[in-house]
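All figures in this text were calculated on a predicted structure; none of them were measured in a lab.
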Amino acid sequence: MLHVDPIFSALRAAVGTAPAPPVAGLAAPAEPGPPPFSVTAVFTETRLDSWLALGLVLAAGLYLYGVYRLRMRGDRWPVARTIFFLGPGLGGIASVTVSGLHAYDTTLLSVHMVQHMVLSMVAPIFLALGAPITLALRTLPVRPRKRLLAVLHSRVAKIYSYPLVAFAIFVVNPFVLYFTDLYRYTLEHAWAHEVVHAHFIMTGCVFFWPLLGLDPLPTRWPYPGRALLMLLSVPFHTVLGLTIMQSSTLFGGDWYPSLNLGWADPWEDQVVAGGILWAGGEFVSVTMLAVLVVQWVRQSEREARRIDRELDRQEARERAAQSVG
């Protein structure tokens, strides 16, 4: 039986109300650590000079330019898709990488886990709902459009977009990252940490885009298969989250204790991190499952209406034939 007391005490430690004693024998980092984590720090520690910030601005500009081109030639593009792509999609990525949270992603495992959830499970869903590939195919000139279609129908795209392959990558990646020395390496090297962020985004897109099925990807399962695959992902987040919460070793080795932060306890913060992964993973998975069920119902209704129209046309043709005869 799990108790919530450790989680609440960890939350108090994360906001600076429960100082942790220094760990003997560990050297302090060469650079001073960030101030105690707070809501104010999320805004005051914001940076706009990263390559990821530039990529987000470029992606938003290209998307808006595509929408503009469609409107200029008289075509419509759903407003909801634009809102999804720019808001929770690109905006979600910015909220955990460009905001002040970036100053704590190698200081607090709980903050890193928030980044993990948003970059791999939240933002990719809304990026997929924005249907950027469809927008590109409708606005690109002939030659670039043919190249994009060639990429979409390539063997590599077919393999990685195949639901079972994407599911395996999505599930295995966190275990490889957190239960090997790779995570410690990303803490010690800023460039590796940024690569992990990009990898989270790509992994989420590879998994969720075929499930949502708005863009013309080479491999697409029927809705019952998609719903089953989403349902199977729920236990993996539970297992990973509980394993992190109950682990008897610190992730990253002595990295977090070596920071000597007086306002955060690495052990309690790790409990919070596991709880974020557990609860967040289940919430997103169940929500995504509900979305797939709604899409499934709507498709069934459209198919039923299509069949009804076809039957009506057949009856009309039969009546016309009988009247002529």
Side-chain angles (χ1 to χ4, degrees), residues 51-52 54-94 119-167 169-170 198-223 225-227 229-230 288 291-292 294-303 305-306:
W51 63 269
L52 190 55
L54 178 62
L56 293 174
V57 172
L58 181 61
L62 291 174
Y63 191 94
L64 291 175
Y65 179 69
V67 174
Y68 170 76
R69 288 197 60 182
L70 282 181
R71 291 185 177 180
M72 288 298 293
R73 70 186 190 196
D75 294 337
R76 296 185 59 185
W77 183 255
V79 176
R81 291 186 178 183
T82 303
I83 294 175
F84 286 146
F85 188 84
L86 298 179
L90 296 182
I93 297 174
L119 296 178
S120 65
M121 296 196 68
V122 178
I125 293 176
F126 290 100
L127 292 178
L129 291 174
I133 296 177
T134 302
L135 179 62
L137 291 174
R138 292 181 61 182
T139 56
L140 285 174
V142 176
R143 183 173 297 179
R145 183 165 63 248
K146 289 183 177 179
R147 291 178 179 175
L148 178 57
L149 286 172
V151 172
L152 291 175
H153 293 91
S154 66
R155 180 174 299 180
V156 174
K158 290 180 179 179
I159 293 175
Y160 278 97
S161 64
Y162 187 71
L164 286 179
V165 175
F167 176 76
I169 296 174
F170 184 76
H199 182 70
F200 281 156
I201 298 171
M202 291 187 292
T203 301
C205 289
V206 166
F207 179 64
F208 286 108
W209 284 23
L211 295 183
L212 289 168
L214 296 183
D215 280 327
L217 298 177
T219 305
R220 186 177 300 174
W221 277 10
Y223 279 106
R226 301 184 207 178
L229 204 61
M230 198 68 241
M288 182 66 186
V291 171
L292 290 175
V294 171
Q295 288 184 335
W296 185 5
V297 171
R298 289 180 177 177
Q299 184 199 44
S300 300
E301 293 175 348
R302 289 194 298 268
E303 183 66 17
R305 289 194 296 267
R306 185 190 67 79

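The nearest pair of heavy atoms linking Leu70 to Thr139 is CG-CG2, 3.6 Å. Nearest heavy-atom pair, Ser161 versus Pro210, reported as atom, atom and distance to 0.1 Å: O-CG, 3.5 Å. The shortest heavy-atom contact between Leu137 and Arg145 is O-CD, 2.9 Å. In terms of heavy-atom proximity, Ile125 sits nearest to Met288 at CD1-SD, 4.0 Å. Across every non-hydrogen atom of Leu214 and Thr134, the tightest pair is O-OG1, 3.5 Å. Closest approach of Ala157 to Leu152, counting heavy atoms only: CB-O, 3.5 Å.
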*How far apart are the C-alpha atoms of Leu86 and Leu64, what are their side-chain angles, what is the distance that settles it, and do they pass the side-chain contact (heavy atoms from CB on, under 4.5 Å) test?*
CA-CA 9 Å; Leu86 298 179; Leu64 291 175; 3.5 Å; yes
*Under the side-chain hydrogen bond (donor to acceptor under 3.5 Å, both in side chains) rule, what do Trp77 and Tyr68 come out as? Steps first, then yes or no, please.*
CA-CA 9 Å; Trp77 183 255; Tyr68 170 76; over 6 Å; no
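At least one side-chain heavy atom of Leu229 sits less than 4.5 Å from a side-chain heavy atom of Pro163. Pro124 places none of its side-chain heavy atoms less than 4.5 Å from the side chain of Phe207. In this structure, the side chains of Arg143 and Lys146 stay at 4.5 Å or more apart for every pair of heavy atoms. Residues Phe85 and Leu127 form a side-chain contact, since some pair of their non-hydrogen atoms from C-beta on lies under 4.5 Å apart. Under the 4.5 Å side-chain criterion, counting only non-hydrogen atoms from C-beta, Leu58 is not in contact with Leu54. Side-chain contact between Ile159 and Tyr162: absent, with no pair of heavy atoms (C-beta onward) separated by less than 4.5 Å. Side-chain contact between Thr82 and Tyr63: present, with at least one pair of heavy atoms (C-beta onward) separated by less than 4.5 Å. A 4.5 Å side-chain heavy-atom check between Val156 and Val151 finds every atom pair outside the cut-off.
The CG atom of Leu140 lies 11.0 Å from the CD1 atom of Ile133; values are rounded to the nearest 0.5 Å. Note: Glu301 CD to Arg298 CZ = 8.5 Å, rounded to the nearest 0.5 Å. Summarising the geometry, atom CD1 belonging to Ile201 is positioned 4.0 Å from atom CD1 belonging to Ile93; distances are rounded to the nearest 0.5 Å. Between the SG atom in Cys205 and the OH atom in Tyr160 there is a gap of 15.0 Å [rounded to 0.5 Å]. We find the CE-CG distance between Met202 and Leu119 to be 11.5 Å, quoted to the nearest 0.5 Å. Put simply, CZ on Arg226 and CZ on Phe208 are 13.5 Å apart, with the number rounded to the nearest 0.5 Å.
Not a single side-chain hydrogen bond (donor to acceptor under 3.5 Å, both in side chains) links Arg155 to another residue, sequence neighbours left out.
Other residues, nucleotides and ligands contribute over 12 non-hydrogen atoms within 6.0 Å of the OH atom of Tyr223.
Identified under the salt bridge (Lys or Arg N to Asp or Glu O under 4.0 Å) test for residues 67-76, with sequence neighbours left out: Arg73-Asp75.
Annotation: cation-pi pair Arg81/Phe84 absent, no NZ/CZ under 6.0 Å from the ring centroid and within 45° of its normal.
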